[in-house]
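Each remark here refers to the structure printed beneath this line.
Atoms within a ligand are numbered from 1 in the order they appear, just like the ligands themselves. These values consider heavy atoms only, across backbone and side chains, with no hydrogens, waters or symmetry-generated copies.
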Amino acid sequence: MVAENGTEKTNQEETNNVLKSTQTVIHKALEKLGYPEEVYELLKEPLRMMTVKIPIRMDDGSIKIFTGHRAQHNDAVGPTKGGIRFHPGVTETEVKALSIWMSLKCGIVDLPYGGGKGGIVCDPRDMSFRELERLSRGYVRAISQIVGPTKDIPAPDVFTNSQIMAWMMDEYSRIDEFNSPGFITGKPLVLGGSHGRDSATAKGVTICIREAAKKKGIQIEGARVVVQGFGNAGSYLSKFMHDAGAKVVGISDAYGALYDPNGLDIDYLLDRRDSFGTVTKLFNNTISNKELLELECDILVPAAIENQITKDNAHDIRAKIVVEAANGPTTLEATEILTDRGILLVPDVLASAGGVTVSYFEWVQNNQGYYWSEEEVEEKLEKIMVKSFNSIYDTAQTRRVDMRLAAYMVGVRKMAEASRFRGWI
Ligand code: NAD
């Protein structure tokens, strides 16, 4: 939610609803699959949640105490895995919900992981490079006992990037007294990062868009695309859609949105965006994020933050397909409204799973010390995303449920089975 002064306002109630909605869909998915109530009791919250205080010396000499969280949802399948978010709106509840989504994503794309997630309440846009380094290192020191290459493997998320991953990897390597590239993914290439990791989430979303468009009989060439958010996910996605011949008619960031019915000059915008995905401040003729979401288009991609399509605006969405690159951009009521209106909604836990898939490839390469070409990464990602999309689409058709419930049914099964085999339930 954007406040009038341009800063993001977070709403605790909205975040609570995000967790409750996730629990509701998990419950429904487990019921449909015939699992008993105790499986839901186990999976409705993370197994482990750590909250830490991180004292950091700021550049002006003052000490500021930051709050950080790390949630580990379920490690029955394998170590937990998930990004770290630096954002003023981070809350414990949000981190919990995000860790559950990570478990579902790993289940959907069939990775040997459970879900984890972390976050620090801060605004990196107001911090210097060195303050960010101290905060990144401080966070790793604070959570070092519960993370590690075979325990819980972090990655980038909102407002964190490969530089932050590099500092975190370096700090962990000092604590561990080994070079530990497998501790974290999303690293720079020279530190054991994988080809294709930066663009992996957007690549996965692009594959889902292509598969969904086939189902709806929409040609990508000439299709009108609107993308909310111009950060890692949104900017690469805009570029991929533009290069595939689609017309990206709208993009946005936290401060506003740009619209051109003839298609925006994406290469120019990519050139002008800053490292936080901000670009609209350079223009006067902007529209609001609300107006952006309601533009007439073929494909709408929320790629920013949670709770953007709600019961209040779901009736005004004028897209044929909504593909969720962001985590949790559509509420459950809105999902129902869009589905009833015949809009095909490809849910976050499927659409944005390309990021964790290539993070897994990075971890595998780190563990074996043998690195793959960009083509190998892309080929492997393509296979996994196409298979996952079709398995969920088919589940939705055969079980007569929407794509979100179908995705949860596919995503929760492995975790439930692994917990059972381990004798936990
Ligand atoms: P990012 O920090 O690179 O970019 C975020 C973008 O959203 C920026 O353009 C920012 O200006 C915009 N934004 C922030 N607050 C906003 C608001 N209130 N209204 C409108 N726009 C706003 O983040 P990212 O990595 O691109 O992540 C975006 C979404 O995708 C998040 O939900 C994230 O969890 C999800 N995601 C990211 C990855 C990944 O690998 N990067 C993987 C899976 C899911």
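Neither side chain, Lys311 nor Thr331, offers a donor N or O lying under 3.5 Å from an acceptor on the other. A donor atom on one side chain and an acceptor atom on the other are not found under 3.5 Å apart for Thr80 and Asp75. Counted by atom type alone, Ser128 and Asp59 present one or more donor-acceptor pairs between their side chains at under 3.5 Å. For the residue pair Ser136 and Glu171, no side-chain donor N or O sits within less than 3.5 Å of a side-chain acceptor on the partner. For Tyr371 and Asn366, the side-chain atoms include at least one donor-acceptor pair closer than 3.5 Å. No hydrogens or angles considered: nothing links the side chains of Ser194 and Trp372 as a donor-acceptor pair under 3.5 Å.
By heavy-atom distance, the residue among Gly83, Ala155, Gly186, Ala254 lying nearest atom 15 (N) of ligand 1 is Ala254. In the candidate list Ala326, Ala303, Gly229, Gly231, Ala303 is nearest to atom 28 (C) of ligand 1, counting heavy atoms.
At least one heavy atom of Phe276 lies less than 4.0 angstrom from ligand 1. Residue Arg197 places a heavy atom under 4.0 Å from ligand 1. Contact annotation: Lys105 has at least one heavy atom less than 4.0 Å from an atom of ligand 1.
A cation-pi contact, defined as under 6.0 Å to the ring centre and within 45° of the axis, is absent between Lys28 and Tyr408. Within the cation-pi definition used here (under 6.0 Å to the ring centroid, within 45° of the axis), Lys203 qualifies as a partner of Phe240.
In terms of N/O distances under 3.5 Å, ligand 1 is approached by Ala233. For ligand 1, none of its N or O atoms has an N or O atom of Thr278 under 3.5 Å away. The distance criterion of under 3.5 Å between nitrogen or oxygen atoms is not met by Gly234 with respect to ligand 1. Checking only distances, Pro156 never comes within under 3.5 Å of ligand 1, N or O to N or O. For a threshold of 3.5 Å applied to N or O pairs, the pair formed by Phe230 and ligand 1 contains at least one separation below that value.
Of all the atoms in ligand 1, the ones that sit under 4.0 Å from a non-hydrogen atom of Ala325 are 30 (O), 35 (C), 36 (N), 44 (C). Close approach to Asn289 involves these atoms of ligand 1, each under 4.0 Å from a residue heavy atom: 19 (N), 20 (C). Contact atoms of ligand 1 toward Phe159: 2 (O) (distance under 4.0 Å to a heavy atom of the residue). Those atoms of ligand 1 with a heavy atom of Asp253 less than 4.0 angstrom away are 9 (O), 11 (O), 20 (C), 21 (N), 22 (C). If you number the atoms of ligand 1 from 1 as listed, the ones under 4.0 Å from a heavy atom of Gly277 come out as 8 (C), 9 (O), 11 (O). Short contacts between ligand 1 and Asp157, defined as distances under 4.0 Å to a heavy atom of the residue, involve ligand atoms 33 (C), 34 (O). Here is the list of ligand 1 atoms found below 4.0 Å of a heavy atom in Ser352: 43 (C), 44 (C).
Residues Asn289 and Ser252 share a closest heavy-atom pair of OD1-OG, 2.7 Å.
Under 4.0 angstrom from ligand 1, the non-hydrogen atoms of Thr201 all belong to its side chain. With a heavy-atom cut-off of 4.0 Å, Arg125 does not touch ligand 1 at all. At a heavy-atom distance under 4.0 Å, no atom of Glu306 approaches ligand 1. Residue-level proximity to ligand 1 for Asn232 is carried by backbone and side chain together, each with a heavy atom below 4.0 angstrom.
Using a 4.0 Å cut-off between a side-chain N of Lys or Arg and a carboxylate O of Asp or Glu, Asp348 and Arg404 qualify as a salt bridge. Using a 4.0 Å cut-off between a side-chain N of Lys or Arg and a carboxylate O of Asp or Glu, Lys290 and Asp316 do not qualify as a salt bridge.
Of the candidates Lys81, Lys117, Arg70, Asp152 forms a salt bridge (Lys or Arg N to Asp or Glu O under 4.0 Å) with just one, namely Arg70.
Phe361 CZ to Gln365 CD: the interatomic distance, rounded to the nearest 0.5 Å, is 8.5 Å.
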